[in-house]
Amino acid sequence: MDAKADARDHKEDYVPPMPPERPDRLPFWRIWLRARKNLFAALPNKLYRAWLTEVRTPWYNSYMPNQPDLVRRILVERPDDFPKSDVVRATIGDLLGESVFVTNGEKWKRQRRIIDPSFEGGRLREIFQPMLEAGEEMATRLSGRATGDPV
């Protein structure tokens, strides 16, 4: 069976990558400790399952869309209506610089035009099969080391 057919057959079983689950209610200090290790592991699980989630904190409110149509509306159809916040720039700006993840307006549009071909799948169609095969080979090599501990 080819990789595309296999992916289609298991589409309903697909779970997108996400950090380890965390309990819905944790004391602030436990969330803070998780965030120091992995910011995404500190976020509530509902963020990864809801159509659109709002996270309220004493310092800011944040929204996370998970529905492909909604993401398209925000990033492609109406990006000017959904600028990145100062919190995003302050949080990841030092790490990512003036990148598409933190900029807005004309600067963001110029950067987005540069990277758009990456999202259109042009070269991805050519390299998907070799990438899949390499991943399967790696999984086979690592399966002998599968003890439940990180490798």
Side-chain angles (χ1 to χ4, degrees), residues 1-136 138-139 142 150:
M1 176 180 285
D2 71 51
K4 288 181 184 177
D6 188 45
R8 281 192 304 272
D9 291 343
H10 295 94
K11 190 173 186 178
E12 64 277 353
D13 298 334
Y14 175 75
V15 176
M18 66 180 89
E21 293 205 12
R22 83 158 174 89
D24 285 334
R25 304 239 183 254
L26 280 179
F28 177 78
W29 67 271
R30 299 265 320 262
I31 295 171
W32 182 78
L33 288 175
R34 281 175 163 256
R36 287 191 62 197
K37 274 180 121 174
N38 176 348
L39 177 62
F40 296 106
L43 301 173
N45 297 332
K46 68 180 181 177
L47 285 182
Y48 301 98
R49 294 184 177 86
W51 179 73
L52 175 69
T53 304
E54 178 183 22
V55 176
R56 295 179 188 200
T57 74
W59 305 279
Y60 65 91
N61 290 354
S62 182
Y63 302 90
M64 183 171 173
N66 287 314
Q67 206 62 17
D69 292 343
L70 185 56
V71 172
R72 177 178 304 286
R73 184 178 308 153
I74 292 168
L75 293 178
V76 177
E77 297 169 8
R78 297 175 46 199
D80 291 332
D81 294 339
F82 302 95
K84 276 64 142 218
S85 70
D86 292 337
V87 172
V88 168
R89 283 190 296 282
T91 305
I92 62 175
D94 288 343
L95 178 66
L96 301 177
E98 288 292 307
S99 70
V100 71
F101 299 103
V102 298
T103 57
N104 291 306
E106 291 306 313
K107 188 172 208 170
W108 179 87
K109 289 175 186 174
R110 184 177 59 76
Q111 292 171 333
R112 183 59 197 242
R113 279 191 303 273
I114 293 168
I115 65 170
D116 270 350
S118 302
F119 297 101
E120 293 169 4
R123 295 274 304 164
L124 185 59
R125 288 186 192 97
E126 296 172 26
I127 63 169
F128 176 77
Q129 192 62 37
M131 287 173 58
L132 177 65
E133 290 168 7
E136 288 171 344
M138 175 68 75
L142 291 177

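Position 1 is the first residue of the sequence; numbering continues from there.
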Problem - Charged N-O contact under 4.0 Å between R112 and D116 - result: yes
Practice task
Could you walk me through whether R34 and I31 pass the side-chain contact (heavy atoms from CB on, under 4.5 Å) test, one step at a time?
Solution key: CA-CA 5 Å; R34 281 175 163 256; I31 295 171; 5.6 Å; no
Handout entry: Minimum side-chain heavy-atom gap I114-R110 below 4.5 Å
Key =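 Yes; the side chains approach each other to less than 4.5 Å.
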Exercise for the section: Would you indicate whether the side-chain heavy atoms of Q111 and I115 approach each other to under 4.5 Å? Expected result: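 Not in contact.
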Of all heavy-atom pairs between [X] and [Y], which one has the smallest distance, and what is that distance?
X: F101; Y: V88; result: O-CG1, 3.8 Å
X: P83; Y: N104; result: CA-OD1, 3.2 Å
X: G97; Y: V102; result: O-CG2, 2.9 Å

Handout entry: D94, CG: over 12 other non-hydrogen atoms inside 6.0 angstrom
Key =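 No, CG of D94 has 12 or fewer neighbouring heavy atoms, counting only those of other groups under 6.0 Å.
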Handout entry: M64 CE: over 12 foreign heavy atoms closer than 6.0 Å
Key =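 Above 12, so yes.
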Supply the atom-to-atom distance [X] [atom1] to [Y] [atom2], rounded to the nearest 0.5 angstrom.
X: D80; Y: E106; atom1: CG; atom2: CD; value: 7.5 Å
X: R89; Y: E98; atom1: CZ; atom2: CD; value: 8.5 Å
X: L26; Y: W32; atom1: CG; atom2: CH2; value: 15.0 Å

Problem - side chain to side chain donor-acceptor pair (under 3.5 Å) partners of N66, counting only residues at least two apart - result: none
Exercise for the section: Decide side-chain contact (heavy atoms from CB on, under 4.5 Å) for Y63 and T53; before the verdict, give the C-alpha distance in whole Å, the side-chain angles of both, and the deciding distance to 0.1 Å. Expected result: CA-CA 5 Å; Y63 302 90; T53 304; over 6 Å; no
Exercise for the section: Output all residues satisfying salt bridge (charged side-chain N to carboxylate O under 4.0 Å, His left out) with E133, sequence neighbours left out; order by chain, then residue number. Expected result: none
Problem - R78: salt bridge (charged side-chain N to carboxylate O under 4.0 Å, His left out) partners, not counting sequence neighbours - result: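 With neighbours one apart ignored, the set is D81.
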